Amino acid sequence: MSPRLLSFHHTIKALILFGFAGYIAYLVHSDRILLYIAPRMVDYVKWSSLALYAVLCTKAIRRTHVPQYA
Amino acid sequence: MLCKRLFNDWPLTFSPFYASSCSSLFSGKKQPPDLSWIGSEELQNFKTLFISIVLEALPFVLLGVLVSALLQMFVSEQTIRKWVPKNPVLGVLFACALGIVFPLCECGMIPVIRRLILKGMPVYTAVVFILAGPIINPVVYASTFMAFRTRPEIAYSRMALAFLVAATIGLLVYRFVRTNPLRAGLKYGAAPVHTHNHAHEHGHEYGHTHHHHTAHGHDHGHTHDHSHTHAHGPGWRGRLSGVLGHASDEFFDMGKYLIFGAMLTALIQTFMSRESLVSIGEGTVSSHLFMMGFAYVLSLCSTSDAFVASSFATTFSAGSLLTFLVFGPMLDMKSTLMLLSAFRAKFVLLLTGLLVIVTLIGSLLFERIFFQ
């Protein structure tokens, strides 16, 4: 795969992860998260949004260092 | 109507919030006639169920993916081979106890298992871990104990029956399964395959989720997992980015099955009429079978299903609740799809059949002996 396409691939994945992380953040912020999960689970989901964000960052970094993986 | 049904059936979870959201959605919103289906109750039910299933599983899937990435980076094949006892009976016992160390529920379990099999763990041990792990662990024991506070014997017998079922099935698999049950794309015994072919992986990633019922030996590029190890620097930063990189690859690999499974579950729960099924499950054996199907369809996480089961305590016998509590975490719709990402369809079918038979016999026996 060409480096440009690979970079595009990682960008798309990063965007998908960003969508998840952002949606969770939005739900937590607006308290709508309680519509969907038991209050006991809210903390775990919050943390998972942070983990998603960490993974997203590595995707974004990898995107800028494409030749290493091509 | 449907909303009311949901209200009755989900006493624990989001019903009060749900009712308020329904009323706020339908009050005073003028919509063009074409789009009226967007506000329909079915669609709202579907959306709520779908998002709640995905959100509840997400932390556990992430945890499983991270553990799996850590295993990939820091635990060698030799270590795994040294850990797992050679003797099959000891191996099965070892796998049953493994859940105490890794308190994951079934959504987090499957990435870890896939990694362990690739690293050379025998398949029967892995199967026992898949089955026993989500039940025999401290978190699940505590939640079952809390849910059935007045009847602690249900928590005890849940653990005992899960142990018996998993051990029986593990020994049967050890005795009878000789062929490699992994999907064609997954290499056995983990010879590191250096084919880092992203074009291949990408081409299949989003296209094939609808075809996974058929055993067509579809290779969707797991081999790339082994190839990153040397690309990262030696320091802790290199290792950290390696772990996160593996985690994200694996997350995308499992995530599509999770989302598709959650979608199917939500669809069935939206359109299935539960009253008719409840009336079927009146007899002794049929109530057990019903509870199995119910657990399969609901696809609850093993850490929270005890609370749902306790809400049925008045309508169903203790034995059938036990079936629900043991069968559900071992196999449900979501985890079937996730299993299909690792194993051949034939093996998953065999496992399903074995589970239904062994769990049914086990819970009927337990009911005779302990609950009467």
Side-chain angles (χ1 to χ4, degrees), chain A, chain B residues 10 12-22 44 47-63 65-66 69 143 196-203 205-206 224 227-228 231-233 240-252 255 259 301 303-304 307-308:
Chain A
M1 198 192 277
S2 74
R4 259 188 77 191
L5 208 60
L6 199 54
S7 157
F8 181 67
H9 172 84
H10 286 307
T11 313
I12 295 288
K13 283 194 170 180
L15 282 179
I16 293 172
L17 290 177
F18 183 73
F20 272 107
Y23 187 56
I24 292 173
Y26 160 73
L27 285 177
V28 171
H29 187 70
S30 62
D31 275 346
R32 278 168 181 238
I33 196 147
L34 293 172
L35 296 178
Y36 298 111
I37 56 175
R40 201 164 53 83
M41 289 283 298
V42 171
D43 278 340
Y44 299 112
V45 176
K46 270 190 218 166
W47 282 106
S48 73
S49 129
L50 279 186
L52 281 174
Y53 195 73
V55 175
L56 157 79
C57 289
T58 61
K59 276 281 168 208
I61 292 169
R62 206 195 263 194
R63 186 187 156 261
T64 58
H65 293 289
V66 165
Q68 201 181 345
Y69 300 95
Chain B
W10 290 74
L12 207 198
T13 42
F14 35 71
S15 36
F17 312 108
Y18 192 80
S20 67
S21 83
C22 271
Q44 295 302 322
K47 189 191 110 192
T48 308
L49 287 168
F50 176 65
I51 294 179
S52 65
I53 293 169
V54 171
L55 284 185
E56 287 208 323
L58 199 61
F60 297 99
V61 173
L62 272 174
L63 192 64
V65 155
L66 280 177
S143 77
H196 186 59
N197 190 350
H198 265 284
H200 179 68
E201 185 208 347
H202 189 213
E205 193 128 47
Y206 300 105
H224 69 280
S227 57
H228 295 302
H232 305 287
L240 185 67
S241 83
V243 166
L244 289 179
H246 283 300
S248 94
D249 285 345
E250 194 122 17
F251 179 71
F252 277 95
I259 287 181
C301 177
T303 50
S304 54
F307 293 96
V308 175

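In this text, all values refer to a predicted model and were calculated from it rather than measured experimentally. Here is the naming used below: chain letters follow the sequence lines, and residue numbers restart at 1 for every chain.
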| said: Are more than 12 heavy atoms, taken from residues, nucleotides or ligands other than Phe50(B), located less than 6.0 Å from that residue's CZ atom? | reply: yes
| said: To check you understand the geometry: which heavy-atom pair defines the closest contact between Ser48(A) and Leu58(B), and what is its length? | reply: OG-CD2, 4.2 Å
| field | Tyr23(A), OH atom: more than 12 neighbouring heavy atoms under 6.0 Å | value | yes
| Side chain, backbone, both or neither: which part of Ile24(A) has a heavy atom under 4.5 Å from chain B? | side chain
| When rounded to the nearest 0.5 angstrom, what distance separates CG in Leu35(A) from NZ in Lys47(B)? | 8.0 Å
| request: First locate atom CG of Leu34(A), then atom OG of Ser52(B), and finally report the distance between them rounded to the nearest 0.5 Å. | output: 12.5 Å
| field | From Tyr36(A) atom OH to Leu55(B) atom CG, the distance as rounded to the nearest 0.5 Å | value | 8.5 Å
| remark: Under 4.5 Å to a heavy atom of chain A? For Leu62(B) that would be side chain
| note | The reported gap from CZ in Phe251(B) to CG in Leu17(A) (rounded to nearest 0.5 angstrom) is 6.0 Å
